[in-house]
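Note sheet for the following structure.
A, B, ... follow the sequence lines: proteins, then strands. Residue 1 opens every chain.
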2 protein chains.
Amino acid sequence: MYRMVEPTVLYLLATGKAQYGYELMEKAHETGLTDSEIDAGAIYRTLSALEENGYVISRWDAGTSGPARHVYEITQAGREHLAEWAVLLRRLGTSMTQFADACDNLR
Amino acid sequence: MYRMVEPTVLYLLATGKAQYGYELMEKAHETGLTDSEIDAGAIYRTLSALEENGYVISRWDAGTSGPARHVYEITQAGREHLAEWAVLLRRLGTSMTQFADACDNLR
DNA sequence: AAGGGTATATGCTATTAACAGATAGCTATG
DNA sequence: CATAGCTATCTGTTAATAGCATATACCCTT
């Protein structure tokens with residue numbers, strides 16, 4: 001999990017697969033970027049940072065069973081930011097695969 | 001450059017493309033894992049850590065022009081460690097590419 | 001002798017996530 | 001009705017990593 005929390009959160013919000021912290025935490029592994037569960041602290045701090053930067057907006061929803069939820073929605077700027085992440089991650093992913101190939105050719 | 005210094009150093013030592021810190025710093029971008037130059041401090045600290053863990057061994061070489069060089073050689077354990085990195089990076093790389101695909105399919 | 005390139009090393013800082021725990025609402029169970 | 005457990009958010013602290021800066025020093029050229 002190296003810097004994958006932010007793109008994971010943006011993606012889940014963009015697809016509507018999750019809307020608030022606790023749900024993001026449970027569904028984070030669905031993106032494939034992380035095998036294990038993402039730490040709750042990382043989720044909540046990432047959401048705060050995203051909101052500060054205008055990539056998401058939030059409201060409180062007390063109309064469900066259980067404690068109130070801080071519900072998030074991705075903004076247009078957030079979608080663009082996710083698209084930038086996608087470009088970066090594709091480049092990184094390609095590099096890593098090529099590096100792994102080169103390592104395998106060592107023996 | 002997130003956690004790529006260690007595999008980059010091991011790879012360059014394994015292939016013989018570099019033997020000491022300063023040279024590693026100059027040739028680090030050749031692996032493709034990093035576009036820019038790796039920080040010198042990161043290189044030297046990584047080499048120390050690798051030696052502590054038995055992944056490389058070192059000797060001083062004062063027999064060249066210029067200041068003495070701390071020359072490193074990868075060990076068998078180091079090669080195995082690099083192979084583990086390759087497995088991990090292939091998995092990460094595949095995940096990132098798939099994530100990027102999914103993001104591109106959002107629009 | 002002065003400056004520049006080679007070479008190693010350490011101090012400090014910023015970022016990120018991991019670990020841990022506090023708070024609190026709601027629900028089911030005994 | 002007490003209490004245990006799940007849902008939910010948030011913060012404090014620490015560890016790992018890399019970036020930036022600096023110190024030291026050798027050697028060669030001008």
Checklist outcome for this item: Tightest non-hydrogen contact, residues Val56(B) and Tyr72(B), listed as CG2-CD2, 3.7 Å
Taking only nitrogen or oxygen atoms into account, show me every contact under 3.5 Å that the protein makes with nucleotides 3-9 of chain D, one pair per line with its distance.
residue	atom	partner	partner atom	Å
dT7(D)	OP2	Tyr22(A)	OH	3.4
dA8(D)	OP1	Tyr20(A)	OH	3.4
dA8(D)	OP1	Arg69(A)	NE	2.6
dA8(D)	OP1	Arg69(A)	NH2	2.5
dA8(D)	OP2	Tyr20(A)	OH	3.2
dT9(D)	OP1	His70(A)	N	2.7
dT9(D)	OP2	Gly21(A)	N	3.3
dT9(D)	OP2	Tyr22(A)	N	2.6
dT9(D)	OP2	Tyr44(A)	OH	2.8
dT9(D)	O5'	Tyr44(A)	OH	3.4

Donor-acceptor contact present, side-chain [X] to main-chain [Y], <3.5 Å:
X: Asn53(B); Y: Tyr55(B); result: no
X: Ser95(B); Y: Gly32(A); result: yes
X: Thr75(B); Y: Gly54(B); result: yes

Could you check how far [atom1] of [X] sits from [atom2] of [N], rounded to whole Å?
X: Arg3(A); N: dT15(C); atom1: CZ; atom2: P; result: 10 Å
X: Lys27(B); N: dT6(C); atom1: NZ; atom2: P; result: 12 Å
X: Glu37(B); N: dT6(C); atom1: CD; atom2: P; result: 11 Å
X: Glu6(A); N: dT15(C); atom1: CD; atom2: C1'; result: 12 Å

Could you list the protein-to-nucleotides 11-13 of chain C atom pairs, N/O on both sides, closer than 3.5 Å?
residue	atom	partner	partner atom	Å
dG11(C)	N7	Arg45(B)	NH1	3.3
dG11(C)	O6	Arg45(B)	NH2	2.3

Checklist entry - Is the CD atom of Glu26(B) crowded by more than 12 outside heavy atoms at less than 6.0 Å? => result yes
Next on the checklist: If you count every heavy atom of other residues, nucleotides or ligands that lies below 6.0 Å from Glu73(A) atom CD, does the total exceed 12?
Outcome noted: no
Next on the checklist: Can you confirm whether Asp35(A) sits close enough to His29(A) that some side-chain heavy atom of one is under 4.5 Å from a side-chain heavy atom of the other?
Outcome noted: no
Next on the checklist: What I'd like to find out is whether the side chain of Ser58(B) reaches to under 4.5 Å of the side chain of Leu47(B), using heavy atoms alone.
Outcome noted: no
